[in-house]
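No hydrogens, no waters, no symmetry mates; every other heavy atom, side chains included, goes into these values. Residue numbers begin at 1 in each chain, while the letters A, B, ... track the order of the sequences.
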There are 2 protein chains.
Amino acid sequence: MPTSAGERPMRADARRNYERLLAEAKGAFLEHGVDVPLEDVARRAGVGIGTLYRHFPTRLALQEAVYRDQVDSLVAKAYELDEALPPGEALAAWMRSFVESAAARRGLMQTLKAVIDKHSEVFARCHDEIREAVGLVLARAQEAGTVRPDVTVSDVLRLNHALSVATEHAPQDTGRLLSFLLDGLRSQS
Amino acid sequence: MPTSAGERPMRADARRNYERLLAEAKGAFLEHGVDVPLEDVARRAGVGIGTLYRHFPTRLALQEAVYRDQVDSLVAKAYELDEALPPGEALAAWMRSFVESAAARRGLMQTLKAVIDKHSEVFARCHDEIREAVGLVLARAQEAGTVRPDVTVSDVLRLNHALSVATEHAPQDTGRLLSFLLDGLRSQS
DNA sequence: TGCGAAACGGAGGATACCTCCGTATCTTTT
DNA sequence: AAAAGATACGGAGGTATCCTCCGTTTCGCA
């Protein structure tokens with residue numbers, strides 16, 4: 001969100017730079033991993049390093065911002081699948097798409113974890129949004145009987161993350177492992 | 001292993017320094033994470049930075065060496081549980097102990113992953129040992145019918161790792177998530 | 001158009017990495 | 001036991017990246 005929270009709108013140049021930085025950071029992270037020198041990101045965006053640090057005081061702040069886009073699209077996906085599929089199938093489909101999209105974003109899963117563990121404010125917002133979306137899909141799956149009732153939203157998110165990390169460099173195994181996991185979530189033991 | 005592979009034994013001072021470095025690295029990783037400055041490790045061990053780099057040319061090499069100890073004890077644990085428990089239960093017990101011990105070693109799970117992905121030689125040795133141990137336990141569980149036959153050793157290791165990373169900072173959820181996972185490995189769908 | 005606020009940029013101090021080579025220590029030989 | 005040769009040590013210093021600080025520039029409002 002390129003406006004200072006609740007205050008007057010950003011100046012035009014500031015907003016422009018913020019957006020260019022975000023876009024270039026996303027590209028740079030994908031190309032060179034999340035440890036790419038921040039000076040490179042600044043150069044790609046055509047701004048000074050000082051400007052980068054003003055907008056994103058830490059590396060994690062920049063990673064969070066990039067990450068936020070992905071959360072948004074996962075949230076949208078959850079609602080979309082909820083409408084498109086029968087209640088018993090949407091959760092599995094969403095988890096599949098989560099894990100697949102994670103595979104394309106190298107290193108960002110570790111960032112996600114760092115963010116989760118840090119209880120950051122940025123994450124808190126994403127957190128609520130994604131919990132709400134996944135909560136909806138999960139509840140329907142449980143009503144439909146395809147997921148046992150004692151599974152929580154946190155469980156789903158955590159397991160998704162776990163699987164993403166594990167198969168980051170072994171995408172061919174992702175499907176099998178996810179299906180084991182889904183079986184586990186289904187069975188009433 | 002503080003002897004140069006297959007060649008003449010290390011000089012006494014070299015061996016001493018190697019061992020001190022390893023011990024201090026283990027401590028420093030636990031206290032400050034695996035990103036602790038290597039100069040600190042060298043200082044703690046009472047050697048120069050050059051000595052550290054001679055024994056461990058990269059950070060990963062040092063992490064691998066520390067990690068190796070843990071693999072050894074997990075391998076031992078697998079054989080131990082195989083003897084102590086009925087065949088259907090040893091695998092679950094081993095996975096439980098893996099995940100629990102991982103929780104105590106912050107950051108090292110990420111190292112494990114880096115090592116796995118790198119196909120390093122050091123890992124290759126550990127790899128064989130642990131695959132053999134887990135393979136034994138897994139095969140018995142499959143014979144006993146508590147694990148479906150299409151689960152592989154890689155699956156078990158990968159899932160273990162995933163869970164360890166995911167619950168590194170949420171140990172209270174570890175048990176539940178693992179039990180979901182085990183249910184998934186058991187059910188024939 | 002002019003002025004104050006906001007943002008920019010990059011120099012530079014600090015930290016960490018890692019190599020290189022003169023010095024010190026150990027081991028073997030006589 | 002002493003010397004020679006092999007091996008290992010240590011840390012100075014070049015390089016890379018981080019991140020702050022502040023003089024300069026740009027923007028927006030009146």
Side-chain angles (χ1 to χ4, degrees), chain A residues 1-25 27-29 31-66 107 110-111 114 118 120, chain B residues 1-25 27-29 31-66 107 110-111 114 118 120:
Chain A
M1 9 60 262
T3 62
S4 268
E7 315 201 351
R8 75 180 46 180
M10 290 170 99
R11 239 170 67 172
D13 54 346
R15 181 192 200 92
R16 196 166 49 240
N17 285 335
Y18 179 97
E19 273 160 8
R20 296 202 55 177
L21 279 167
L22 196 50
E24 292 302 330
F29 287 168
E31 283 171 39
H32 304 107
V34 289
D35 286 329
V36 67
L38 294 184
E39 328 245 12
D40 288 358
V41 175
R43 196 174 316 112
R44 283 173 68 138
V47 304
I49 185 66
T51 299
L52 185 151
Y53 275 97
R54 191 168 329 97
H55 287 298
F56 306 99
T58 66
R59 179 182 290 275
L60 190 56
L62 183 54
Q63 291 172 341
E64 280 175 353
V66 170
Q110 308 219 353
T111 300
K118 215 145 223 156
S120 79
Chain B
M1 1 79 247
T3 62
S4 267
E7 315 202 349
R8 76 179 46 176
M10 290 170 97
R11 236 171 66 174
D13 53 347
R15 179 193 200 92
R16 196 167 49 240
N17 286 334
Y18 179 98
E19 274 159 8
R20 297 201 54 176
L21 280 167
L22 197 50
E24 293 302 331
F29 287 167
E31 284 170 39
H32 305 105
V34 289
D35 286 330
V36 66
L38 294 184
E39 328 243 14
D40 289 358
V41 175
R43 197 172 317 112
R44 283 173 66 138
V47 305
I49 186 64
T51 299
L52 185 151
Y53 276 97
R54 191 167 330 95
H55 287 297
F56 306 100
T58 65
R59 179 183 290 276
L60 191 55
L62 183 54
Q63 292 171 341
E64 281 175 351
V66 169
Q110 309 217 353
T111 300
K118 214 146 224 156
S120 79

Counting only side-chain N and O atoms of [X], is one of them less than 4.0 Å from OP1 or OP2 of [N]?
| X | N | value |
| --- | --- | --- |
| Asn17(B) | dC9(D) | yes |
| His55(A) | dA7(C) | no |
| Thr51(A) | dG9(C) | yes |

5'-most contact on DNA chain C: Asp13(B) or Asp13(A), nearest heavy atom basis?
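Its nucleotide being nearer the 5' end, the pick is Asp13(A).
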Taking for each residue the nucleotide of DNA chain C bearing the nearest heavy atom, is the 5' side occupied by Arg59(B) or by Ile49(A)?
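Upstream on the strand: Ile49(A).
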Could you pick out which residue, Arg16(A) or Arg54(B), lies toward the 5' side of DNA chain D when each is mapped onto its nearest nucleotide?
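Its nearest nucleotide lies further toward 5', so the answer is Arg54(B).
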Regarding dA6(C), can its base be found pairing with the side chain of Arg11(A) as donor and acceptor, where the two atoms are less than 3.5 Å apart?
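Answer yes: a donor N or O sits under 3.5 Å from an acceptor.
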Listed nucleotide nearest any side-chain atom of [X], set [options]:
| X | options | answer |
| --- | --- | --- |
| Ala12(B) | dG28(D), dT27(C), dT20(D) | dT27(C) |
| Val47(B) | dA11(C), dT27(C), dG10(D) | dG10(D) |
| Ala14(B) | dC9(D), dA11(C), dT19(C) | dC9(D) |

Which of residues 37-44 of chain A have a heavy atom under 4.0 Å from DNA chain D?
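Listed by number, they are Pro37(A), Leu38(A), Glu39(A).
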Salt bridge between Asp40(B) and Arg43(B), side-chain N to carboxylate O under 4.0 Å?
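Yes, Asp40(B) and Arg43(B) are salt-bridged.
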